[in-house]
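Contents: one structure, followed by commentary.
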Protein chains: 2
Amino acid sequence: MTNHLDRFFDALADPTCRAVIERLAQSPAPVSELHAPHDIALSTFLKHLKVLEESGLVRSEKKGRVRTVHIEAGPLKTAEGWLSQQRGLWEARLDQLEDLITHLNKTKM
Amino acid sequence: MTNHLDRFFDALADPTCRAVIERLAQSPAPVSELHAPHDIALSTFLKHLKVLEESGLVRSEKKGRVRTVHIEAGPLKTAEGWLSQQRGLWEARLDQLEDLITHLNKTKM
DNA sequence: AAGACACTTAGCCAGATGGCTATCTATTGG
DNA sequence: CCAATAGATAGCCATCTGGCTAAGTGTCTT
């Protein structure tokens with residue numbers, strides 16, 4: 001089982017891909033519009049899009065000669081969930097430590 | 001400006017690094033203990049650790065011959081925040097669409 | 001003082017990644 | 001039906017990545 005998180009985070013690590021996600025968070029858009037603000041060849045841009053789509057963060061349909069791309073909220077939630085969980089564990093532990101120290105101080109007095 | 005998110009997500013994209021984070025969410029640990037469960041050379045493992053540390057997701061101090069590594073909650077929160085924001089925008093938009101459709105249906109009847 | 005331990009550094013290699021140009025296919029507007 | 005548009009595909013590079021072995025440094029433990 002190749003973890004999905006691998007591909008999610010891998011896609012998100014690329015600034016171009018993140019910019020696409022940010023744009024798509026506003027509304028779906030055709031490939032050419034997504035490409036416009038990026039100063040790279042279309043073919044290069046398509047590779048990024050492919051990575052995004054294969055990661056599942058994004059989906060697209062072609063109608064006529066236009067391919068329209070839209071965000072997929074589920075995977076974003078998955079990635080967010082993982083982060084939240086790790087941070088939660090760590091912060092809970094810090095709180096425990098703090099409590100322990102407070103307790104020790106009280107006892108000492 | 002090289003975005004910090006680049007390095008956060010890049011680190012998190014590697015399963016080895018994610019496993020380290022998961023371990024460190026429980027408690028800080030020395031390098032050798034972090035390395036133990038991974039079936040790769042120590043030198044290779046150290047490269048991953050370096051990526052993690054340069055990303056800021058993790059910090060470490062050396063005392064005697066042991067280097068102890070611990071998680072840094074702030075960056076995790078940053079990454080989580082970015083994801084949450086994008087997802088929020090997208091979901092808000094879906095809700096608006098839904099409302100619009102509901103409204104149109106009502107009007108039609 | 002010697003050996004074990006816990007890293008650390010250097011250097012090699014194969015494959016993945018991100019960029020390019022050039023060429024191709026399929027739709028659509030006039 | 002022709003030209004322009006929108007995207008797809010192929011192939012070439014340079015660099016980055018993740019793996020290895022081998023050898024080095026500094027710190028215990030006995």
Side-chain angles (χ1 to χ4, degrees), chain A residues 1-24 27-71 79, chain B residues 1-24 27-71 79:
Chain A
M1 169 184 54
T2 312
N3 200 327
H4 282 229
L5 288 173
D6 282 27
R7 294 190 296 177
F8 294 166
F9 287 128
D10 193 57
L12 294 173
D14 176 20
T16 303
C17 286
R18 274 206 317 285
V20 168
I21 293 281
E22 285 176 353
R23 167 64 190 78
L24 290 178
S27 73
V31 169
S32 48
E33 186 183 328
L34 292 173
H35 170 233
H38 301 281
D39 200 18
I40 59 177
L42 174 63
S43 62
T44 306
F45 182 76
L46 288 178
K47 287 189 187 174
H48 291 299
L49 263 192
K50 197 178 173 193
V51 167
L52 268 176
E53 190 151 8
E54 283 176 348
S55 79
L57 288 164
V58 134
R59 198 172 296 186
S60 71
E61 301 92 32
K62 193 163 182 177
K63 201 165 269 177
R65 52 184 173 175
V66 174
R67 175 175 297 279
T68 302
V69 189
H70 62 90
I71 234 174
Chain B
M1 168 185 58
T2 312
N3 201 325
H4 282 227
L5 288 173
D6 283 27
R7 294 189 298 177
F8 294 165
F9 287 128
D10 193 57
L12 294 173
D14 177 20
T16 303
C17 287
R18 273 205 318 283
V20 169
I21 294 282
E22 284 176 355
R23 167 65 189 78
L24 289 177
S27 75
V31 169
S32 49
E33 186 183 327
L34 291 173
H35 171 232
H38 301 281
D39 199 17
I40 59 178
L42 175 62
S43 61
T44 306
F45 182 75
L46 288 178
K47 288 188 186 175
H48 291 300
L49 262 193
K50 198 178 173 193
V51 168
L52 268 176
E53 190 150 8
E54 285 176 346
S55 80
L57 288 164
V58 134
R59 198 173 296 186
S60 71
E61 299 91 33
K62 193 163 184 177
K63 201 165 269 178
R65 55 184 170 171
V66 175
R67 175 175 297 280
T68 302
V69 189
H70 61 90
I71 235 175

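As the structure is a computational prediction, the values presented were derived from the model and not from experiment. Lettering follows sequence order; numbering is per chain, from 1. Note: hydrogens, waters and symmetry copies are ignored here, and every other heavy atom, side chains too, is used.
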Mind calculating the distance between [atom1] ([X]) and [atom2] ([N]) to the nearest angstrom?
X       : N      : atom1 : atom2 : answer
B:Leu49 : C:dT9  : CG    : P     : 13 Å
B:His48 : C:dC7  : NE2   : C1'   : 17 Å
B:Glu53 : C:dC7  : CD    : C1'   : 13 Å
B:Leu34 : C:dA6  : CG    : P     : 13 Å
A:Phe45 : C:dT17 : CZ    : P     : 18 Å
A:Leu46 : C:dT21 : CG    : C1'   : 14 Å
A:Glu61 : C:dT27 : CD    : C1'   : 18 Å
A:Lys47 : C:dT17 : NZ    : C1'   : 8 Å

For a quick test of reading the model, state the closest non-hydrogen atom pair linking [X] to [Y] and the distance between them.
X       : Y       : answer
A:Ser60 : A:Arg67 : OG-NH1, 2.9 Å
B:Leu24 : B:Val69 : CD2-O, 3.4 Å
A:Ser55 : A:Phe8  : O-CE2, 2.9 Å
B:Ala79 : B:Leu5  : CA-CD2, 4.0 Å
B:Ile71 : B:Val58 : CA-CG2, 4.2 Å
A:Arg23 : A:Ala29 : NH2-CB, 3.6 Å

B:His35 vs B:Phe45 aromatic rings, parallel, tilted or perpendicular, using cut-offs 30° and 60°?
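Correct class here is tilted.
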Using the side-chain heavy atoms of A:Ile40, tell me which of these nucleotides is nearest: C:dC12, C:dG19, C:dA10.
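Ranking C:dC12, C:dG19, C:dA10 by closest atom to the A:Ile40 side chain puts C:dG19 first.
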Within the 4.0 Å heavy-atom criterion, would you say A:Thr44 contacts the bases, only the backbone, or no part of the nucleic acid?
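The answer is base, as A:Thr44 lies within the cut-off (heavy atoms under 4.0 Å) of a base atom.
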Have a look at B:Thr16 and say if it touches a base, only the backbone sugar-phosphate, or nothing, with a 4.0 Å heavy-atom cut-off.
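It contacts nothing in the nucleic acid.
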Say whether, by atom type as modelled, one donor and one acceptor occur between the side chain of A:Arg59 and the main chain of A:His70 under 3.5 angstrom.
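Not confirmed, A:Arg59 side chain does not pair with A:His70 backbone.
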Under 4.0 Å between a side-chain N/O of B:Lys62 and OP1 or OP2 of C:dT8, yes or no?
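Yes, within the criterion.
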Donor-acceptor pair present, B:Arg65 side chain and C:dC5 base, under 3.5 Å
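Yes.
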Kindly indicate whether the side chain of A:Val51, heavy atoms from C-beta on, has any atom under 4.5 Å from the side chain of A:Asp14.
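No, every pair of side-chain atoms sits at 4.5 Å or beyond.
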Got a second to check how far A:Ile21's CD1 is from A:Leu12's CG, nearest 0.5 Å?
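Going from the CD1 atom of A:Ile21 to the CG atom of A:Leu12 covers 6.0 Å.
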Relative to the 5' end of DNA chain C, which residue comes earlier, A:Gly64 or A:Asp10, by the nucleotide with the nearest heavy atom?
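Of the two residues, A:Asp10 wins.
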Pairwise 5' ranking along DNA chain C for A:Ala41 and A:Lys63, keeping only the more 5' one:
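First, find each residue's nearest nucleotide; the 5'-ward one identifies A:Ala41.
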First-last contacting nucleotides on DNA chain D - partner chain B, under 4.0 angstrom, heavy atom:
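That gives a stretch of D:dG18 to D:dC28.
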Mind grabbing the angle between the end helix axes of the helix from C:dA1-D:dT30 to C:dG30-D:dC1? Five pairs an end, 10° rounding.
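Angle reported: 30°, given to the nearest ten degrees.
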